[in-house]
Amino acid sequence: MIPEAVAPIDNAVSNEARPARKSRVGRWIYQVFMWVVLGILAYHFIDFKELWSIVSQASWSWVGAMLLASTLDRLSMAYKWCHLSKALDLKFPFREGVKGYYAASFLNYSLPTTLGGDFLRGEFMSRWVGNRQVSYAILAMEKVIGIISSLVVGAWGLSMVALMSTQPWMRAACYGLALASLLIMFGFIFSFRQSIHDLMSQIFLKIKFPKLANLSDKFFSSYRRFSQSKKILFQNFGLAMIENVFQMAIPLLAGFALGLHISPLLFFATIAITTLVRRLTILFDSWGVTEVVIVTLYSTAGLEPSRALAISLLTHAVMTFSILPGGPLLARIRLWVKET
């Protein structure tokens, strides 16, 4: 039974809730404008000559396996997002979750940060639950579980690198980072404590931001409800681990496509570390700073710098290509929300 306060809105948003200025002509202009913007973004951010040059050197069978893994990764993320809504007694349709995730992914690859895509997903879900605080509480919990799963994966990768390393300082550094990753996980236990939530509200009130204090109270009241659904949270953690496996498989397959000259186990452990790096550097999680770090880590694992760059480029190119269906979906999404 879905609570009245978060019941889905029929047809996403009633006609009466839409501003009068959003007429049929206005919607048509909006869609044309979005298509133009998407075309400019695709032209500006996707180097099709470079993409073709890289892919042409790779085995097409491995590239096909990469596309399959990337698609499964996107579907698993959408399912994980929808599954988490059950913790708040909601039924967010999987079909809508797939649409929202593909559109958000396309936006993320067009911007230098993932925050734009996260905002879009939060507003997209708000169409169905009719409450922004609930939508963003689900989004926040999804991020928390994602970080925890990446910490587990990263700790495993660091431990494997430490075991295979012959340098004492490298072993000590990897073991230290692995231990730190596991310790951070325990912070998740305290994220449900009301005393911490009350402290946040008090800080906002003290610095004269009463509206933020009010939003904080509403947000955390929804967030605390997750503590009553530990089974769903545990299941969602398992889904997040599966998602990490798909994400790690993509660069591994890229290595096979371009010829991997180091131990696949060592490379897979390195990918586990880069997965953690990518998750923690969310503000730069696109083409740029994170990719430089990833190429550096690949090279540290024993790959030639040119091959490390080629693997990173091929991974990025295939992942970009796999989310292109999100472009048309993004052009059709409307975020007019009626909040209950």
Where [X] and [Y] come nearest, the two heavy atoms and their spacing:
| X | Y | value |
| --- | --- | --- |
| G122 | S135 | O-CB, 3.5 Å |
| A87 | F226 | CB-CD2, 3.5 Å |
| P210 | L205 | CA-CD2, 4.0 Å |
| I250 | A69 | CG1-CB, 3.9 Å |
| A240 | I145 | CB-CG2, 4.0 Å |
| T315 | M66 | CA-CE, 3.9 Å |

Using side-chain heavy atoms (C-beta onward) and a distance below 4.5 Å, is [X] in contact with [Y]?
| X | Y | result |
| --- | --- | --- |
| P93 | W128 | yes |
| Y298 | P251 | yes |
| F119 | L107 | no |
| V318 | L253 | no |
| V152 | W156 | no |

Exercise for the section: State whether a side-chain donor-acceptor pair under 3.5 Å links N244 with T275. Expected result: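 Not at all, the side chains of N244 and T275 share no donor-acceptor pair under 3.5 Å.
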Practice task
Please determine, by modelled atom types, if S322 and R74 share a side-chain donor-acceptor pair under 3.5 angstrom.
Solution key: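 Result is no, nothing qualifies.
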Practice task
State whether the side chain of S312 and the backbone N or O of A308 hold a donor-acceptor pair below 3.5 Å, judged by distance alone.
Solution key: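 Answer holds: no.
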Exercise for the section: Examine distances only and state if a side-chain atom of S159 and a backbone atom of A155 form a donor-acceptor pair shorter than 3.5 Å. Expected result: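 Yes, the answer is positive, given that a donor and an acceptor are paired below the 3.5 Å cut-off.
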Practice task
Would you please test Y79 and L75 for side-chain contact (heavy atoms from CB on, under 4.5 Å) and show each step?
Solution key: CA-CA 6 Å; Y79 181 76; L75 294 177; over 6 Å; no
Practice task
Start with the C-alpha gap between Y136 and E123, add the side-chain angles, then the distance that decides, and say whether side-chain contact (heavy atoms from CB on, under 4.5 Å) holds.
Solution key: CA-CA 8 Å; Y136 282 95; E123 293 298 304; 2.9 Å; yes
Practice task
Go through the steps to decide whether L276 and V153 satisfy the test side-chain contact (heavy atoms from CB on, under 4.5 Å), and finish with yes or no.
Solution key: CA-CA 7 Å; L276 175 60; V153 167; over 6 Å; no
Practice task
Name the orientation class of the two ring planes belonging to F256 and W62 (parallel below 30°, tilted from 30 to 60°, perpendicular beyond 60°).
Solution key: tilted
Practice task
Could you label the plane-to-plane angle of the F124 and W81 rings as parallel, tilted or perpendicular, counting under 30° as parallel and over 60° as perpendicular?
Solution key: tilted
Straight-line distance of [X] [atom1] to [Y] [atom2], nearest 0.5 Å:
| X | Y | atom1 | atom2 | answer |
| --- | --- | --- | --- | --- |
| S149 | K80 | OG | NZ | 7.0 Å |
| L67 | T71 | CG | OG1 | 6.5 Å |
| I271 | L297 | CD1 | CG | 11.0 Å |
| M248 | F267 | CE | CZ | 10.5 Å |
| H83 | L233 | NE2 | CG | 9.0 Å |

Using the rule that two of Ile, Leu, Val, Met, Phe, Trp, Tyr join whenever any of their side-chain heavy atoms come within less than 4.5 Å, decide whether [X] and [Y] are in one cluster.
| X | Y | result |
| --- | --- | --- |
| I242 | F268 | no |
| M77 | L68 | no |
| L88 | V144 | yes |
| L252 | F321 | yes |
| M125 | Y101 | yes |

Exercise for the section: Output yes when E96 and R127 qualify as a salt bridge under the 4.0 Å nitrogen-oxygen rule, no when they do not. Expected result: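 Not counted as a salt bridge, because no side-chain N and carboxylate O are separated by less than 4.0 Å.
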Exercise for the section: Show your reasoning for whether side-chain contact (heavy atoms from CB on, under 4.5 Å) applies to F92 and I138. Expected result: CA-CA 11 Å; F92 185 52; I138 293 173; over 6 Å; no
